[in-house]
Amino acid sequence: MTALIIDGKKIAEGIHQEVADTIRKRTAAGYPVPGLATVLIGEDPASQIYVRNKIRTCEKLGIHSVAYTLPADTTLKTLEELINFLNAAPDIHGILVQLPLPEQIDEYRVLSLINPQKDVDGFQPINAGMLSRKNSTPWFIPCTPAGILKLIQSVEPEIAGMEAVVIGRSSIVGMPTAQLLCRNNATVTICHTQTRQLAEVCRRADLLVVAVGHSKLVKADWVKPGAIVIDVGQNRVEDASADKGYVLTGDTDFDAIVPIARAITPVPGGVGPMTIAMLMRNTLSAAIKFSV
């Protein structure tokens, strides 16, 4: 067996095209251009790259984007005032506050302030709560988990009854991914640093999602033959022979798992492109809902 390499970049490009085509048709019909506001606090290099990539994609697809970059010592009051302004702005349909936030700012408080109908990141507590409730529909699903589901369904459209294992319980990826898989009727186990016999638990998985930020944590003998493996990790590993002085690795031992799995995402080029693609789709959805 040789695993199918799930091309997240190609799937994301298809979503981009759908979004761009829909925006062109809607604007031609007189509907407003979707608007996305990004808020970045501080100078975290990774966050700067993420926000810059989001802005570039907005420009490419025809989404109006406004970027707010605030100093690391920004107060909660200043951020609250900005979010209240964006909540009321008629040309802004989506609001994204880049995480993590500086220590002096209460993340839960900030996310709570965002209008859930503009919460295109899906982290506002109302949306997060509705994702966890049966028979309720959040305004938006977090972008990375939504992208993960899309990648899985590109291989296996119907996941009902499959056994899924999610390694990682962050509120951004691990927990909402587990909830989303459960909503699609998979049987889900959430693993973390205190999980006993982790490798044994992983071997049961028809779907294995790894999101821990630990280079090559998951070895080949942890993977059930024929499993679908989604690697969310993006780890910089020093490598003097590489042009940039480092290489990007995932949370799985990719080369060793390819002969065993049914399908696997590469790093880079797997989950990463899907996160921005789903953000663009959420922003368009927000604009459509506001225009109804």
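We count residues from 1, following the sequence as given.
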For Lys60, I'd like to know if atom NZ has over 12 heavy atoms of other residues, nucleotides or ligands within 6.0 Å.
no
Greater than 12 external heavy atoms within 6.0 Å of Phe254's CZ
yes
Does NZ or CZ of Lys118 lie under 6.0 Å from the centre of the six-membered ring of Phe140, at an angle within 45° of the ring axis?
no
Residues in side-chain hydrogen bond (donor to acceptor under 3.5 Å, both in side chains) contact with [X], at least two apart in sequence or another chain:
X	answer
Arg109	Glu80
Gln234	none
Asp239	Ser241
Ser171	none

By salt bridge (Lys or Arg N to Asp or Glu O under 4.0 Å), Arg281 pairs with (sequence neighbours left out) Glu18
Sorted by chain and number, sequence neighbours left out, salt bridge (Lys or Arg N to Asp or Glu O under 4.0 Å) with Asp253 holds for none
Donor-acceptor pairs under 3.5 angstrom involving side-chain atoms of residues 28-41: please list them, not counting sequence neighbours.
none

Check whether any side-chain N or O of [X] sits under 3.5 Å from a backbone N or O of [Y] as a donor-acceptor pair, and report yes or no.
X	Y	result
Glu43	Ala72	no
Asp251	Gly213	yes
Asn282	Val120	yes

Partner set under side-chain contact (heavy atoms from CB on, under 4.5 Å) for Glu59, not counting sequence neighbours
Ile55
Check side-chain contact (heavy atoms from CB on, under 4.5 Å) between Leu198 and all other residues, then give those that pass, not counting sequence neighbours.
Ile167, Cys191, Thr195, Cys202, Trp222
May I have the list of side-chain donor-acceptor pairs in residues 143-153 shorter than 3.5 Å, sequence neighbours left out?
from, atom 1, to, atom 2, distance (Å)
Thr144, OG1, Thr275, OG1, 2.8

Polar contact flag, side-chain donor to acceptor under 3.5 angstrom, Asp231-Thr252
yes
Without placing hydrogens or testing angles, list every side-chain donor-acceptor pair under 3.5 Å for residues 129-136, not counting sequence neighbours.
from, atom 1, to, atom 2, distance (Å)
Ser132, OG, Gly129, O, 2.7
Ser136, OG, Met130, O, 2.6
Ser136, OG, Arg133, O, 3.0

Each residue besides Val237 in its hydrophobic cluster should be listed here, by chain and number; the cluster joins Ile, Leu, Val, Met, Phe, Trp and Tyr at side-chain heavy-atom distances under 4.5 Å.
Val247
